[in-house]
Amino acid sequence: MMAMADSAEEVNQAEGHPDPKADGISESLRSLDTYAPESAEPALSPADLPARSRKAFLRHMIGQLAEPVQNRIRALRHNQLQQVRISEQFFREVYELERRFYGQSCALFDARRDILEGAVEPPVQTEKSWPEDPQDALYLDFGNNEELRQLRQKLAPVSPTTGLVGVPRFWLTVFQNVPLLSELVQDHDEPLLECLTDVRLAYDQDSYTVIFQFRPNSFLHDSSLLLTKRYFLQHSADPEYPFLFEGPEIVRCEGCHIHWRDGSNLTLQTVESRRRNRARRVTKVMPRESFFRFFAPPQALDLSLADETTKLILGNDFEVGFLLRTQIVPKAVLFYTGDLVDSLSAATPDSRSLSSEAEAEQEQIL
């Protein structure tokens, strides 16, 4: 009888039915195949597992299938890879369409710049060609909200008797209204960002450049009134992870040199300290946080080999670059007026959620 049992066990293993005591799958995973009565909690499903465990379980599940079925699945994965190639072509053509239609919008961006700078005074607008949301008339409780009071104090004073030119502080206000950009703007950056007159894009086949135009000011040398940030795109799927392809992604960025006027570099600060047992003070020039560090990103030709700090900085940088191209430049006035506050908050996670998503994606890849 023992010999017969051993033979039966060997037959089961030969047919692709390994001994459940030896397959290393936890009790919670094996419970997926058990019947749960209606009164019990819902049965566990693979979707309830962490990404890495789910992937391991599904690979195990496929390994238990008969070889002809596994061969069909391999054929389906080859089929899926052909769909990835079609997606690569689709997204490249979408990018080319975006590039072409941006050129058609440049005349409108010229008009926007002229109005912002006061070069053109638009006709009196008596009608609105867009619907108003009845919820836009919101009540602000300045009396009981300290944050609102602090923000109101920061508003630039406006005199109705003084003829204003254009729209003051437009781009600075836009940046301060967007969480991902507001994190970059420091108090000492504001006087220079008030001099920002225009933000534009320049498209190339495999990259795009964000162009920041400043009026003459006491911070930037006249040779640096045009600052640029270039983002390089990869339009094809990563050969190591082709099934994760969801469109072109930013793989590298390149800033520009800023020629500061003497003593006006906003990315540096002078710190005085007194050495121990010495009366003489020592002056040091130290780096500090500033929006203008955005134009000097860390360089990593191979992002996979970069340290975690560099990956985090560049990951946030790429998010900013994507946001500038797809939202801020084409829709700037809507961020100034608050029309896109809710949609942007939902679409643009903060840095903490970005890092969490990155960790989850990395876990899924592994």
Side-chain angles (χ1 to χ4, degrees), residues 154 169-202 207-232 250-272 283-303 305-325 327-329 332 335 348-355 358:
K154 292 187 65 174
R169 299 166 55 95
F170 177 82
W171 288 104
L172 170 60
T173 303
V174 170
F175 291 175
Q176 291 176 327
N177 289 347
V178 179
L180 197 58
L181 295 175
S182 179
E183 293 177 357
L184 303 178
V185 178
Q186 309 299 317
D187 290 343
H188 50 265
D189 295 323
E190 295 185 11
L192 179 50
L193 288 175
E194 289 181 6
C195 301
L196 182 59
T197 62
D198 200 12
V199 183
R200 294 290 186 95
L201 301 172
S207 67
Y208 65 91
T209 303
V210 188
I211 304 169
F212 298 77
Q213 178 69 61
F214 291 82
R215 71 172 67 94
N217 58 81
S218 61
F219 296 91
L220 300 175
H221 193 274
D222 289 346
S223 62
S224 283
L225 296 180
L226 198 69
L227 303 182
T228 60
K229 184 70 170 287
R230 187 179 183 185
Y231 291 92
F232 295 85
I250 299 172
V251 293
R252 186 165 63 90
C253 60
E254 190 177 85
C256 67
H257 172 71
I258 301 179
H259 189 182
W260 297 95
R261 295 186 184 275
D262 291 344
S264 300
N265 190 336
L266 296 177
T267 67
L268 300 176
Q269 62 181 338
T270 301
V271 178
E272 290 188 354
T283 300
K284 293 183 179 180
V285 177
M286 305 287 291
R288 66 175 174 179
E289 294 296 321
S290 169
F291 172 83
F292 294 91
R293 298 182 70 86
F294 172 76
F295 297 97
Q299 295 301 308
L301 296 180
D302 188 346
L303 193 58
L305 301 179
D307 58 73
E308 292 303 317
T309 300
T310 299
K311 289 180 180 179
L312 181 60
I313 293 174
L314 289 177
N316 289 339
D317 197 318
F318 296 168
E319 289 286 338
V320 171
F322 180 78
L323 183 66
L324 287 167
R325 171 185 133 216
Q327 299 289 324
I328 303 302
V329 171
F335 295 104
T348 307
D350 60 25
S351 57
R352 288 174 296 180
S353 59
L354 281 173
S355 60

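Predicted, not measured: the structure shown is a model, and the values here were computed from it.
In this view, Asp317 and Lys229, Tyr231 satisfy the side chain to side chain donor-acceptor pair (under 3.5 Å) rule, not counting sequence neighbours. Contacts of Asp187 classified as salt bridge (charged side-chain N to carboxylate O under 4.0 Å, His left out), with partners at least two apart in sequence or in another chain: Lys154. The side chain to side chain contact (heavy atoms under 4.5 Å, CB included) search around Ala296 returns none, not counting sequence neighbours. Remark: Asn265 engages Trp260, Thr267, Leu268 in a side chain to side chain contact (heavy atoms under 4.5 Å, CB included) (not counting sequence neighbours). In this view, Arg230 and Ser207 satisfy the side chain to side chain donor-acceptor pair (under 3.5 Å) rule, not counting sequence neighbours.
Partner of Val320 under the side-chain contact (heavy atoms from CB on, under 4.5 Å) criterion, chosen from Leu180, Ile250, Ile328: Leu180.
Using a 4.5 Å heavy-atom threshold, the side chains of Leu184 and Glu289 count as separate. When side chains are defined from C-beta on, Phe292 counts as touching Asp189, because their heavy atoms get closer than 4.5 Å. Looking at Leu201 and Val210, their side chains come closer than 4.5 Å, going by heavy atoms from C-beta outward.
When all heavy atoms of Arg169 and Thr173 are compared, the closest pair comes out as O-OG1, 2.7 Å. Taking all atoms of both residues into account, the shortest heavy-atom contact from Pro297 to Gly255 is CD-N, 3.8 Å. Closest non-hydrogen pair, Gln299 versus Cys253, comes out as NE2-O, 3.7 Å. Across every non-hydrogen atom of Phe335 and Gln327, the tightest pair is CE1-O, 3.4 Å. In plain terms, the two heavy atoms of Ala202 and Ile211 that are nearest each other are CB-CD1, 4.0 Å. Closest approach of Arg288 and Leu266 over heavy atoms only: NE-O, 3.0 Å.
Between atom CZ of residue Arg325 and atom CG of residue Leu323 there is a gap of 11.5 Å, rounded to the nearest 0.5 Å. From His257, atom NE2 reaches atom CG of Leu227 across 10.5 Å, with rounding to the nearest 0.5 Å. With values rounded to the nearest 0.5 angstrom, Ser290 atom OG is found 7.5 Å from Ile258 atom CD1. The CG atom of Asp198 sits 9.5 Å away from the CG atom of Leu226 when rounded to the nearest 0.5 Å. To the nearest 0.5 Å, the span separating CZ on Phe318 from CD1 on Ile313 amounts to 11.5 Å.
Atom CZ of Phe322 sits in a sparse spot, with 12 or fewer heavy atoms from other residues, nucleotides or ligands closer than 6.0 Å.
The list of salt bridge (Lys or Arg N to Asp or Glu O under 4.0 Å) pairs with a residue in residues 256-267, not counting sequence neighbours, reads Asp222-Arg261.
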**OP:** Report the C-alpha distance between Leu220 and His259 in whole Å, list the side-chain angles of each, state the deciding distance to 0.1 Å, and finish with yes or no for side chain to side chain contact (heavy atoms under 4.5 Å, CB included).
**Re:** CA-CA 6 Å; Leu220 300 175; His259 189 182; over 6 Å; no

Subject >> Trace of the ring-ring contact (aromatic ring centres under 6.0 Å, His included) decision for Phe295 with Phe212 >> reply: CA-CA 11 Å; Phe295 297 97; Phe212 298 77; 5.2 Å; yes

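A ring-centre distance under 6.0 Å is found for Phe175 and Phe291.
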